[in-house]
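These values consider heavy atoms only, across backbone and side chains, with no hydrogens, waters or symmetry-generated copies.
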Amino acid sequence: MGNITLFDTSYESRKRPLLKQVLERLRPMYTDEERDVLRIDSISRGVLSQPSGRGFVNRDILETVLGNLLECVAPGSHNVVETPRSSGLAEDIEEIADQLYAMIVQSLLAAEGDGAHIETCALETTFALISELPRLKERALWNRFASLKDPAVWDAYITTRDKSCAHQLVDIDFTPAINAAINERDFTPYRKVLKAHRFDFAFRYLMQLVISTYPGWRVLFYHDIAHALTQSGPVLGIPDIERIPVPLLPRAISELGGRYYQADLHPETVIGDANFLDHPHRGLTTGQTGTIGSGCYIYPCTLGGLSGKVRQRHPIIGDHVQIGTDATLLGPVQIGERATVGPNTQIYGYVQTGPECRIASSVVIGTVLSGARRPGNIHLGRGVRVGDGTVIENSTELDLAIPDKAEIPARSHVINDGFGNPRFVTE
């Protein structure tokens, strides 16, 4: 580590006032019950101070740090300690601060070598992340709530509690109420529907089922941490500190999330909250310049890039979008809010869909490069319906516009007529 000593008296004197400020922000976010079950695994300073070598990341330590951060946003969900709780919140947050600081210093040293600024940058970036725990806790809660869109949360334990339960569930669509709750950031619309059907007893269990067994919200939390470590600038509410993008560590966190959950979320992808990743273990990929809105329901799919150039090269997904299994969206595709992309569908190139489009399964929509000329865009208007197995392609320089509310029958083949209008190709 050259001239850097991780935990010297200078570090302690600079840490204390920052620790006091973030504790004032963190204390209100915990109920008494959450404080009672919060457990933070400690790592000795001797271990944290060990040089990590060229690989810079000790994966055992990284797993512990991420587990501790997960415990901070969902107390009692990750770490289990048989002995009674002995430390308080201040000691827990200080322990996490030391762990994060050590990892960030290691990352900066691996990327830059020695430097007088490294300790200051690492300390300020550490407390910038810790100060975001209330926001991250809220995001984790809504990502869990969004998982209630999965009908499988109504498992045998619940449905056998009431003989009429399974029969009634067949006719109930909970999604509108869940989306309303997400938009209002209030569980009430969903709980009213439960109460109207005498299912209010199930809410606590459904949320417990998700926090205990569903992987999607966990990998989204890993992404939240990795993404936060790519940010820069001043920190709201904490004067005189400024964070920097941390090298290497965000990608290591992303890789670890991929190893656990097969969800390869690039740390710079911008992802909203209240999203449900269904069966992420089957594989989910996002790219550096991609964006995913809030309230989305995403099955295993690829949201990838086509270009090797440093520019917008990944899809932009609106709010409340559903993307089906094995769908592939490549390049600067834009999907409007409340749209649906069916399973096995491929969308690539310069394609934009309006809100509320419904694209069925095994559809291909793409812009086709003809020579060196950039093809025109494909615009699907608001509420367009595209049937199964349809192909829509544009190889001309003119944009191809599909008008609002248009309905394209299954297994159609649509091209540009040369004037920007759709033409159906017949065999």
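Looking at His314 and Thr289, their side chains do bring a donor and an acceptor atom within 3.5 Å of each other. A side-chain N or O of Asp98 and one of Tyr11 form a donor-acceptor pair less than 3.5 Å apart. When only modelled atom types and interatomic distance are considered, Glu63 and Tyr260 share a side-chain donor-acceptor pair under 3.5 Å. For Asn394 and Asn416, the side-chain atoms include at least one donor-acceptor pair closer than 3.5 Å.
Distance check, rounded to the nearest 0.5 Å: CZ of Arg243 to OG1 of Thr126 gives 12.0 Å. The CZ atom of Phe127 sits 10.5 Å away from atom CZ of Arg14, with the distance rounded to the nearest 0.5 Å. Expressed to the nearest 0.5 Å, how far CZ of Phe419 lies from CG of Asp417 amounts to 6.5 Å. Atom CD in Glu268 sits 4.0 Å away from atom CD in Gln288 (nearest 0.5 Å). Here CG of Leu69 is found 4.5 Å from CD1 of Ile225. Values are rounded to the nearest 0.5 Å. With values rounded to the nearest 0.5 angstrom, Gln334 atom CD is found 7.5 Å from Gln312 atom CD.
No salt bridge links Asp278 with Lys149; every basic N to acidic carboxylate O contact stays at or beyond 4.0 Å. Using a 4.0 Å cut-off between charged nitrogen and carboxylate oxygen, Lys405 and Glu356 do not count as a salt-bridge pair. Between Arg45 and Glu12, at least one side-chain N (NZ, or NE/NH1/NH2) sits under 4.0 Å from a carboxylate O, which counts as a salt bridge. Using a cut-off of 4.0 Å between Lys/Arg side-chain N and Asp/Glu carboxylate O, Glu255 and Arg251 are scored as not salt-bridged. Using a cutoff of 4.0 Å between basic side-chain nitrogens and carboxylate oxygens, Asp200 and Arg191 are scored as salt-bridged. A salt bridge links Glu132 to Arg135: one of the charged nitrogens lies within less than 4.0 Å of a carboxylate oxygen.
The closest side-chain heavy-atom distance from Leu400 to Pro422 is below 4.5 Å. The shortest distance between side-chain heavy atoms of Ile118 and Glu112 falls below 4.5 Å. Annotation: side chain of Leu229 is in contact with side chain of Ile253 (closest heavy-atom distance under 4.5 Å). Side chains of Thr367 and Asn377 form no contact here, defined as non-hydrogen atoms less than 4.5 Å apart. Side-chain contact between His197 and Ile172 is present, with at least one heavy-atom pair separated by less than 4.5 Å. Side-chain contact between Tyr30 and Pro134: absent, with no pair of heavy atoms (C-beta onward) separated by less than 4.5 Å. Between Tyr214 and Val153, the closest side-chain pair of non-hydrogen atoms falls below 4.5 Å. Residues Leu249 and Met103 have side chains in contact (heavy-atom distance under 4.5 Å, counting atoms from C-beta outward).
For the pair Asn58 (side chain) and Ile61 (backbone), a donor-acceptor distance under 3.5 Å is present. For the pair Glu71 (side chain) and Gly76 (backbone), a donor-acceptor distance under 3.5 Å is present. For the pair Ser131 (side chain) and Ala128 (backbone), a donor-acceptor distance under 3.5 Å is present. A donor-acceptor distance shorter than 3.5 angstrom exists from the side chain of Ser307 to the backbone of Lys309, with no hydrogens or angles considered. In this structure, Thr269 contributes its side chain and Leu265 its backbone to no donor-acceptor pair below 3.5 Å. Judged purely by atom type and a 3.5 angstrom limit, Thr125 uses its side chain to pair as donor or acceptor with the backbone of Ile244. Between the side chain of Asp404 and the backbone N or O of Arg382 there is at least one donor-acceptor pair closer than 3.5 Å. The main-chain N or O of Gly272 is found under 3.5 Å from a side-chain atom of Asn275 such that the two form a donor-acceptor pair. At least one donor-acceptor pair closer than 3.5 Å links the side chain of Glu34 to the backbone N or O of Thr31. A donor-acceptor pair under 3.5 Å is absent between the side-chain atoms of Gln346 and the main chain of Leu330, judged by distance alone.
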- Item | Audit row: Ile402, His379, side chain to side chain contact (heavy atoms under 4.5 Å, CB included) steps and yes/no | CA-CA 6 Å; Ile402 310 294; His379 298 280; over 6 Å; no
- Task: Apply side chain to side chain contact (heavy atoms under 4.5 Å, CB included) to the pair Tyr101 and Glu119, showing each step before the final yes or no.
- Result: CA-CA 9 Å; Tyr101 172 73; Glu119 293 169 279; 3.6 Å; yes
- Query: After noting the C-alpha distance and the side-chain angles of Asp224 and Arg139, does the key distance pass the side chain to side chain contact (heavy atoms under 4.5 Å, CB included) rule?
  - Reply: CA-CA 9 Å; Asp224 281 349; Arg139 286 174 60 86; 2.9 Å; yes
- Message: For Leu284 and Asp264: C-alpha separation, side-chain torsions, deciding distance, then whether side chain to side chain contact (heavy atoms under 4.5 Å, CB included) applies.
- Response: CA-CA 6 Å; Leu284 173 64; Asp264 183 8; over 6 Å; no
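More than 12 heavy atoms of other residues, nucleotides or ligands lie within 6.0 Å of CZ in Arg313, so this atom counts as buried by the packing criterion. When the shell of 6.0 Å around CG of Asp173 is examined, it contains more than 12 heavy atoms from other residues, nucleotides or ligands. Around CZ of Arg259, the count of heavy atoms belonging to other residues, nucleotides or ligands within 6.0 Å exceeds 12. Dense packing is recorded around CZ of Arg185, with more than 12 heavy atoms of other residues, nucleotides or ligands lying under 6.0 Å away. Enclosure of atom CZ in Arg198 is not indicated, since only 12 or fewer non-hydrogen atoms of other residues, nucleotides or ligands lie within 6.0 angstrom. Heavy atoms of other residues, nucleotides or ligands lying less than 6.0 angstrom from CZ of Arg374 number more than 12. Atom CD of Glu33 sits in a sparse spot, with 12 or fewer heavy atoms from other residues, nucleotides or ligands closer than 6.0 Å.
Ring geometry for His223 versus His227: interplanar angle under 30°, hence parallel rather than tilted (30 to 60°). Under the 30°/60° scheme for interplanar angles, the aromatic rings of Tyr299 and Tyr297 are found to lie parallel. Using cut-offs of 30° and 60° on the angle between ring planes, the pair Trp154 and Phe199 is tilted. Ring-plane geometry between Tyr222 and Tyr261 is classed as perpendicular, the angle between the planes exceeding 60 degrees on a 0 to 90 degree scale with a lower cut at 30.
Shown here for Ala360 and Asp388, the closest heavy-atom pair between the two residues is CB-OD1, 2.9 Å. Between Phe424 and Pro409 the shortest heavy-atom distance is CE2-CD, 4.0 Å. Residues Asn179 and His320 approach most closely at OD1-ND1, 3.3 Å, considering heavy atoms. Pairing each heavy atom of Leu369 with each of Pro375, the nearest pair is CD1-CD, 3.9 Å. Taking both residues in full, the closest heavy atoms of Thr353 and Ala339 are given as OG1-CB, 4.3 Å, listed atom of the first, atom of the second, then distance. The shortest heavy-atom contact between Thr345 and Ser362 is OG1-N, 3.4 Å.
A ring-centre distance under 6.0 Å is found for Trp142 and Phe187.
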